Structure formats: structure tokens, C-alpha cells
Amino acid sequence: MILNIILSLFSGISFIFYGVASFRSRRMKAEFERWGYSNHRFTIGSFQILGGLGLLLGLFFPILLLISSLALMLMMLVAILVRIRINDEFQKIIPAIFYSITNGIILYLTIKINF
């Protein structure tokens, strides 16, 4: 249970920061252009913020934790595929792999503990 709380806090806060950076950061704007998703930057950033908030609120509402961790895991799996499609170096794919696995663990532990 402690591991699930720690991972949820870490991932939730991370996604909120990534989402905000999607709106404000020049570097993130350039990354979205490089990925071919500049038109979707605000939508993806919004989903990152919502997912991060969902992980944090999910500590009190397990169904929200389940939905948010599943959505963020899927989002990161798509991010891995996008980075493979554009031939990114492996080191640039590692964060998406890490967050996909992290949210997969949160999902698994949430199901195991609450359902």
C-alpha cells in the first residue's frame, strides 16, 4: 500500500508538471513539433494534468486511481510508439517507458488492494 501511495504521488506530481510545461515551455513546444503533435499540445497537456490530479485524488477514491493510472499508462505506451516511429534514440524513450511501467504498477496494485 505504501508503494502505491509513493508511486501515485510521484507520478501524479510529475504529470501535473509535464502538463503545465506543455502549455508554457518553449522546449516542450519544440518537442511537440518534433513529434508531429503540435496541434494537440494543449489537449495532451490537459490530459496530463487531469491524469496527474486523478492519481492524487485517487488516493482517496480508488476508482479514480484505477482510471487515471490506466489512462496514463496507455498515454505513455502511445508516447513510446511515437518516439519509435520518429526514430528517437533509446535514451529519449526511457522516460516514457519508465512512466508507463510506473503507472502499470499503480494500476496493478490498485486492483490488488481495492478490487
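Just so you know, these numbers use all the heavy atoms, side chains as well, and skip hydrogens, waters and symmetry mates. The model shown is predicted, which means the values in this text are computed figures rather than measured ones. Residue numbers start at 1 and run along the sequence shown.
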side-chain contact (heavy atoms from CB on, under 4.5 Å) between Ile67 and Phe61: does it pass, once the steps are laid out?
CA-CA 10 Å; Ile67 293 167; Phe61 305 101; over 6 Å; no
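- Donor-acceptor pairing under 3.5 Å is lacking for the side chains of Asn103 and Ser69.
- Summarising the local packing, CZ of Arg85 is surrounded by more than 12 heavy atoms from other residues, nucleotides or ligands at distances under 6.0 Å.
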For Ile101 and Ile105: C-alpha separation, side-chain torsions, deciding distance, then whether side-chain contact (heavy atoms from CB on, under 4.5 Å) applies.
CA-CA 6 Å; Ile101 291 170; Ile105 293 169; 3.9 Å; yes
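- Between Leu59 and Leu64 the shortest side-chain heavy-atom distance does not fall below 4.5 Å.
- Within 6.0 Å of CZ on Phe23 lie more than 12 heavy atoms contributed by other residues, nucleotides or ligands.
- Counting non-hydrogen atoms of neighbouring residues, nucleotides and ligands closer than 6.0 angstrom, the CZ atom of Phe60 reaches no more than 12 such neighbours.
- Thr43 places none of its side-chain heavy atoms less than 4.5 Å from the side chain of Tyr37.
- The main-chain N or O of Ala96 is never found under 3.5 Å from a side-chain atom of Ser100 such that the two would form a donor-acceptor pair.
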Dump the intermediate steps for ring pair (Phe, Tyr, Trp, His ring centres under 6.0 Å) on Phe15 and Tyr99, then the final yes or no.
CA-CA 9 Å; Phe15 273 99; Tyr99 280 103; 5.4 Å; yes
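- For Tyr108, the OH atom counts as loosely surrounded, since its 6.0 Å shell holds 12 or fewer non-hydrogen atoms of other residues, nucleotides or ligands.
- Side-chain contact between Asp88 and Ile84 is absent, with no heavy atoms from C-beta onward closer than 4.5 Å.
- The salt bridge (Lys or Arg N to Asp or Glu O under 4.0 Å) search around Glu33 returns none, not counting sequence neighbours.
- Under the 4.5 Å side-chain heavy-atom criterion for ILVMFWY residues, no single connected hydrophobic cluster contains both Met28 and Ile80.
- Shortest non-hydrogen contact noted between Phe47 and Leu72 is O-CD2, 4.5 Å.
- One finds the OG atom of Ser22 at 7.5 Å from the CZ atom of Arg41 (value rounded to the nearest 0.5 Å).
- The hydrophobic clustering, which links ILVMFWY residues whose side-chain heavy atoms are closer than 4.5 Å, places Met75 and Ile49 together.
- The aromatic rings of Trp35 and Phe32 stand perpendicular to each other, their planes meeting at an angle above 60°, with 30° marking the opposite boundary.
- The closest donor-acceptor contact from the side chain of Asn114 to the backbone of Thr110 lies under 3.5 Å.
- The shortest non-hydrogen separation linking Ser11 to Leu55 is OG-CD1, 3.5 Å.
- Looking only at side-chain heavy atoms (C-beta outward), Val20 and Gln48 stay at 4.5 Å or farther from each other.
- In this structure, Ile106 and Ser8 approach most closely via the heavy-atom pair CG2-OG, 3.6 Å.
- The distance from atom CD1 of Ile6 to atom CE of Met1, rounded to the nearest 0.5 Å, is 11.5 Å.
- When each of Leu74, Thr102, Leu70 is tested with Leu107 by the rule side chain to side chain contact (heavy atoms under 4.5 Å, CB included), just one qualifies, namely Leu70.
- For the pairing with Leu109, the side chain to side chain contact (heavy atoms under 4.5 Å, CB included) check across Leu65, Leu3, Ile5 returns one residue only, Leu3.
- When every heavy atom of Gly54 is checked against every heavy atom of Ser68, the shortest pair comes out as CA-OG, 3.2 Å.
- Connection of Leu56 to Leu66 is established within a shared hydrophobic cluster, with ILVMFWY side chains joined at heavy-atom distances below 4.5 Å, either directly or through further cluster members.
- Ion pair Glu89/Lys92 not flagged as a salt bridge, since none of the NZ, NE, NH1 or NH2 atoms sits closer than 4.0 Å to an Asp/Glu carboxylate oxygen.
- Heavy-atom contacts from other residues, nucleotides or ligands closer than 6.0 Å to CZ of Phe42 number more than 12.
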